[in-house]
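One structure is given here, and the rest of the page talks about it.
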Number of protein chains: 2
Amino acid sequence: MVKILQNDTSPEKILAAAKKVFLSKGMAGARMQDIADEAGINKALLHYYFKDKEKLFEMIFSDASKQFFPKIAEIIDSKANLFEKIEKFCREYIDMLQQNPYLPLFILNEVNAQPLNFKEKFWKNREPVFLKFSAQIDKEIKNKKIKPVNPAHLFVNMISMCIFPFIGKPLWMIVSGMDEIQFRYFIEQRKTEVAQFIIESIKK
Amino acid sequence: MVKILQNDTSPEKILAAAKKVFLSKGMAGARMQDIADEAGINKALLHYYFKDKEKLFEMIFSDASKQFFPKIAEIIDSKANLFEKIEKFCREYIDMLQQNPYLPLFILNEVNAQPLNFKEKFWKNREPVFLKFSAQIDKEIKNKKIKPVNPAHLFVNMISMCIFPFIGKPLWMIVSGMDEIQFRYFIEQRKTEVAQFIIESIKK
DNA sequence: GTCTATAACTCGATAGAC
DNA sequence: GTCTATCGAGTTATAGAC
């Protein structure tokens, strides 16, 4: 029997297990024993492959941050008009978060815990995403395509409405009485609702 | 010398210290030693007054959740029109969060970690806030005061835009290049910006 | 009520057999 | 490469003096 995908070697099993445990419990809450159990191996092997807990955590965090910070630059640089870009961003970003619902809380907890560490290790030589976005908004205002709006607030509003529902999911399910299936449908709607809400607010 | 405010007894010092430490580090990250140091007393006294770490945490969480879940019902029940209610809510809620910036991440981490525990202990016999909000929105749509919108998305959008900036603060400061003073001004603006953004989107 | 000292336990990390 | 056994640091919690 030939293995098509090499996803069951020990390091791969460990990384998959570590991702699951760290994302749901965070650095401080996760136990090396939890990860070993999840991977179906024992603690010593974790240290054999990944030196210590911090190294293992950094691999997971590095990987997660690559997913979390979207390749928004290519959307902004594209030929599409602003409204199409907003629609595309909301749809694709919410879709990615739907597949990685623990990502936002995980990333934001770590950045809050160690902002300087994050800035040094993960925010060097990044695309100036916000500046590009801001420049495009200013241009659209100048050309009278949209109402005058503050780009910073617009950007934060968009990001907030995309991300927050995943952070607040359990709370919102209690408040609204939704079950898992209803919540899934709710998120499905948001892939278009959020962009529409923004466009209604800024269009002339 | 007469003590006007009894805020320096041991239990009070402990609660103040525990709030500070738990809100910034969370349950798993906080150390009883940190709390004792912050309160200027020793560890044994924590246990003398509050039995164990979990009991102390629950007192802080219970107190924090009372702040976090706004008395929105009285705003909804008031005579003001919908737009004034939205303005009032955003202004007052953002203002409260400005004074308690760690509150959202603290509450949401705990609810995510133990949703059932939260529901049992802290969500019994609560006002059906969302239902009231939803009913009012439906009424306004019927009376053709606002465009047809889905109340659930409108509610989540409003909450998202109020709360998320505090969860994402350190990240946003890195991305935007703001310093503390600029961020404070940014939040000050949001007290009116968020409501305006919503109203622009739903008004006829 | 407050302290010092220490017990009891959890957990990350290592040694060493196979 | 993988395991069992164990060490040692760090933490919660308690005992007991004052």
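Quick note on labels: first sequence line is chain A, next is B, and so on, each numbered from 1. Since the structure is predicted, the reported quantities are computational estimates derived from the model, not experimental observations. Note that these values count all heavy atoms, side chains included, but never hydrogens, waters or copies made by symmetry.
- Rounded to whole Å, the distance from NZ on A:Lys55 to P on C:dG12 is 16 Å.
- A donor and an acceptor atom, one from each side chain of B:Lys121 and B:Asn117, are located under 3.5 Å apart.
- Look at CZ on A:Phe50: it is 14 Å from P on C:dA13, rounded to the nearest Å.
- In this structure, the NE2 atom of B:His47 is 15 Å from the P atom of C:dC9, given to the nearest Å.
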Dump the pairs, protein N or O against N or O of nucleotides 1-4 of chain D, anything under 3.5 Å, distances to one decimal.
residue : atom : partner : partner atom : Å
D:dG1   : OP2  : A:Tyr48 : OH           : 2.3
D:dT2   : OP1  : A:Ser10 : OG           : 3.1
D:dT2   : OP2  : A:Ser10 : OG           : 3.0
D:dT2   : OP2  : A:Tyr49 : OH           : 2.8

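- D:dT11 atom C1' lies 11 Å from atom CG of B:Asp34, rounded to whole Å.
- The separation between B:Asp52 atom CG and C:dC9 atom P is 15 Å, rounded to whole Å.
- Side chain of A:Asp63 to main chain of A:Ile60: no donor-acceptor pair is present (N/O by atom type, distance under 3.5 Å, no hydrogens or angles).
- Here the C1' atom of nucleotide C:dT10 and the CE atom of B:Met32 are 16 Å apart, to the nearest Å.
- Checking side-chain atoms of A:Lys85 against main-chain N and O of A:Ser78 turns up a donor-acceptor pair under 3.5 Å.
- For A:Phe106 and A:Phe57, the ring centers are positioned less than 6.0 Å apart.
- To the nearest 0.5 Å, the span separating OG on A:Ser24 from NZ on A:Lys19 amounts to 12.5 Å.
- In this structure, the side chain of B:Asp179 engages the main chain of B:Gln182 through a donor-acceptor pair within 3.5 Å.
- A sub-4.0 Å separation between OP1 or OP2 of D:dG10 and a side-chain N or O of B:Arg31 is absent.
- Residue-level contact check: A:Ala36 touches neither bases nor backbone, having no heavy atom under 4.0 Å from any strand.
- Atoms CG (A:Asp37) and P (C:dG12) sit 12 Å apart, rounded to a whole Å.
- Between A:Lys53 atom NZ and C:dT14 atom P there is a gap of 15 Å when expressed in whole angstrom units.
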